[in-house]
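Okay, so here's the structure we're looking at.
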Amino acid sequence: MQSFKIQEMAVIPGIQLAVIKALEELYAQTCSIKDFQVNQTKPEFEGDYTVVLFTLLKPLKQSPDALGKSLGEKLVNTNPHLFSSYNIIKGFLNLTISDTYWNNVLSNNYTDINYGRKEKNAKKIVVEYSSPNTNKPLHLGHLRNNFLGWSIAEILKAEGYYIIKTCIANDRGIHICKSMVAWQWFANGATPQSTGIKGDHFVGDYYVMFGEQHKKEVKTLMDKGLSKEDAEKEAPIMKAAQQMLVDWEAGKPGVISLWKIMNGWVYEGFEVTYKRIGSDFDKMYYESDTYLLGKKLVDDGLKKGIFFKKEDNSVWIDLTADGLDEKILQRKDGTAVYITQDIGLAVNKYEEFTYDQSIYVVGDEQNYHFKVLKLICEKLGLPSSEGIYHLSYGMVELPTGRMKTREGTVVDADDIVDEMIKVAGEKTAELGKVKDFAEDELKKLYNTIGLAALKFFILRVDPKKRMVFNPEESIDFHGFTASFVQFSYARAKAILRNEAEDKAYQLSLAEPLLHLEKDIIILLEKYPAIISQAAAEHNPSVIVNYCYDVAKTFNSFVTEHRVLKAESENKKQLRLRICRMTANVIASGMALLGIEVPERM
RNA sequence: GGUCCGGUAGCUCAGUUGGAUAGAGCAUCAGCCUUCUAAGCUGAGGGUCAUUGGUUCGAAUCCAAUCCGGAUCACCA
């Protein structure tokens with residue numbers, strides 16, 4: 001009964017449980033899983049998993065050899081379904097897991113396309129990501145945000161959480177007014193429709209024009225003797241933008257209608273990009289809605305004495321006792337600052353979803369901001385505060401350094417996606433393996449491969465680290481890439497198309513598992529734990545690395561061992577099941593990254 | 001200056017609740033396609049894990065200091 005139970009568990013917990021039980025019986029001492037480590041055995045030694053004995057020696061008053069021998073003996077004798085043999089090298093007890101166990105892992109799961117996914121739990125998590133400004137198109141940095149946010153939401157879903165994906169549109173403020181003013185001054189009524197330019201790019205162009213005009217005006221004013229600082233403030237186009245912000249806040253009809261029209265253009269453009277890259281949201285929030293609630297909460301906090309007013313009427317909070325600074329919450333003219341609307345948004349989200357956790361996928365340059373936000377929400381006694389979690393990610397840099405708007409080194413999201421798909425098409429055509437594909441099938445394949453390469457390249461880096469985006473490397477389709485993983489999937493499916501596995505077949509234990517057969521099953525067995533790890537760490541790169549591992553091991557396996565012309569019917573059925581389960585796990589893992597896998601490529 | 005994050009092969013990255021001789025990919029070199037997809041496989045070379053000290057059976061991993069890089073400390077968002 002007990003051994004059956006252990007056999008049904010994941011292998012590491014199974015080993016831990018067996019060790020604890022054995023030690024209790026051998027030495028009448030109760031250990032916990034924290035008291036010893038179970039690692040995968042290094043390839044140069046015999047065995048599959050290793051119990052590190054050092055930490056147990058003192059409490060049990062045993063020598064490494066004595067403990068290893070009695071523990072190894074006991075484990076193998078009492079758990080014949082789990083362990084087949086052991087050896088001891090220094091303080092390491094190497095255990096060979098029985099082929100029965102691995103055969104069961106394979107046979108019990110190989111057809112299950114939901115393998116690795118957990119039962120639904122009752123926890124609700126809000127994942128906010130993307131969060132664009134509505135004055136310019138998305139760039140490379142946004143792509144990292146979108147890919148991370150979408151993927152982490154899927155990973156948490158797989159882990160059993162109820163997920164709500166949200167997006168806050170930063171749709172108001174001085175930056176929005178800048179593109180509006182520039183349009184009024186320079187557009188002569190042009191529209192995305194009249195020019196054929198995608199809406200977000202169209203509006204972004206006017207944002208750039210604002211900057212150029214502003215620069216000119218500043219120069220003129222400085223030539224007249226103004227300081228740089230004064231010139232920047234006094235430039236006519238800047239004055240116009242500031243006036244427009246005031247008019248916007250006052251609800252001036254002409255300004256509001258222009259704002260709506262131009263934001264509408266941007267949203268149309270965003271929608272196209274989001275659809276291409278696979279971002280979607282369950283709920284959109286708009287800063288133009290949330291900032292008023294934020295202001296109200298600031299008033300409340302003022303009344304409660306949590307905030308204070310300075311002589312000039314600006315509102316602040318003193319966080320010096322918490323090791324931070326004083327932080328402004330409302331300008332002296334009564335208008336909202338950035339954090340004001342975030343307080344409102346936190347409350348909005350909590351009221352709507354009563355979340356257990358609220359994740360914000362936002363760059364690490366805002367670490368301080370989110371520390372402050374959480375602290376303020378706590379001090380206001382908002383129930384939303386506890387769940388606030390900033391999923392902070394590092395900046396994306398180019399080999400030449402940071403992307404800089406002024407130097408025109410910003411990599412546009414639409415451009416890079418176009419380029420990836422284009423090159424994917426060229427490389428695919430070069431290989432000439434899909435000449436029988438119809439036009440629309442080819443188009444879909446190029447999309448799948450190109451976009452996958454981009455997502456994989458960006459997601460393979462630990463989110464919290466900043467990363468270098470090398471366009472040439474990202475566009476490579478060999479080695480540690482999405483194409484490699486996709487290729488492995490297509491290869492497995494090609495074998496299975498030739499001959500499907502016989503589901504009724506009973507695998508025999510007479511032929512021992514070969515190294516590569518066992519290696520791949522060991523890897524596949526880890527998948528549920530890998531999802532849990534990625535979820536706990538909020539880290540899709542865990543999945544990326546795992547998918548690559550599986551693909552690499554599978555490629556070695558397929559090169560080394562014939563599947564359809566195997567040595568025996570038993571080996572053929574075993575290997576067909578390995579192909580099936582590998583394909584399922586690759587498809588499942590890649591899906592968690594937002595990456596599709598093609599049947600052929 | 002205060003706070004936070006990072007530094008692993010020529011380059012890009014894994015590995016950090018302390019475990020055996022630190023791993024991949026790219027790039028370089030040498031092999032492998034009448035055999036289920038060569039976007040592949042096999043092998044070689046490449047390392048003071050920033051530096052110094054400490055903790056212990058054992059440190060890339062933990063602690064301290066130093067050096068280097070980045071972020072942030074706005075009435076910007």
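Per chain, numbering begins at 1; letters A, B, ... match sequence-line order.
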Scan nucleotides 59-61 of chain B against the protein and return all N/O pairs shorter than 3.5 Å with their distances rounded to 0.1 Å.
none

Just the table, please: protein N/O against nucleotides 27-29 of chain B N/O, every pair under 3.5 Å.
none

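One side chain, A:D318 or A:T320, offers a donor N or O that lies under 3.5 Å from an acceptor on the other.
Nearest-nucleotide assignment on RNA chain B puts the 5′-proximal partner with A:I89, out of A:I89 and A:Q366.
Atoms NE2 (A:H139) and C1' (B:A77) sit 12 Å apart, rounded to a whole Å.
Judged by distance alone with a 3.5 Å cut-off, a donor-acceptor contact links the side chain of A:T50 to the base of B:A20.
In this structure, A:R172 satisfies the cation-pi test against A:Y291, with its NZ or CZ atom closer than 6.0 Å to the six-membered ring centre and inside 45 degrees of the ring normal.
Here A:R575 contributes atom CZ and A:R562 contributes atom CZ; the two are 10.0 Å apart, rounded to the nearest 0.5 Å.
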Sugar-phosphate or base contact per nucleotide [nucleotides 33-47 of chain B; S, B, -; heavy atom under 4.0 Å]:
--BBBSBSSS-----
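The A:I328 side chain lies nearest to B:A74 when the options are B:C13, B:G19, B:A74.
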Solution key, residues 451-465 of chain A side-chain donor-acceptor pairs under 3.5 Å, sequence neighbours excluded:
from	atom 1	to	atom 2	distance (Å)
A:K455	NZ	A:I277	O	2.9
A:K455	NZ	A:G594	O	2.8
A:D462	OD1	A:K464	N	3.2
A:D462	OD2	A:K464	NZ	3.2

Distance-only check: which donor-acceptor pairs under 3.5 Å involve side-chain atoms of residues 48-57 of chain A, not counting sequence neighbours?
from	atom 1	to	atom 2	distance (Å)
A:D48	OD1	A:K518	NZ	3.2
A:D48	OD2	A:I97	N	2.8
A:D48	OD2	A:K518	NZ	3.2
A:T50	OG1	A:T41	OG1	2.7
A:T50	OG1	A:N94	OD1	2.7
A:T55	OG1	A:D35	O	2.7

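Where pairing requires Watson-Crick or G-U contacts shorter than 3.5 Å, the helical stems of RNA chain B with at least three consecutive pairs are B:1-7 with B:67-73, B:10-13 with B:23-26, B:28-32 with B:40-44, B:50-54 with B:62-66.
Separation of the P atoms belonging to B:A9 and B:G47 is 10 Å when rounded to the nearest angstrom. Taking atom P in both B:A39 and B:C49, one finds a spacing of 38 Å when rounded to whole Å.
A:F554 and A:F557 have tilted rings, their planes meeting at an angle from 30° to 60° on a 0 to 90° scale.
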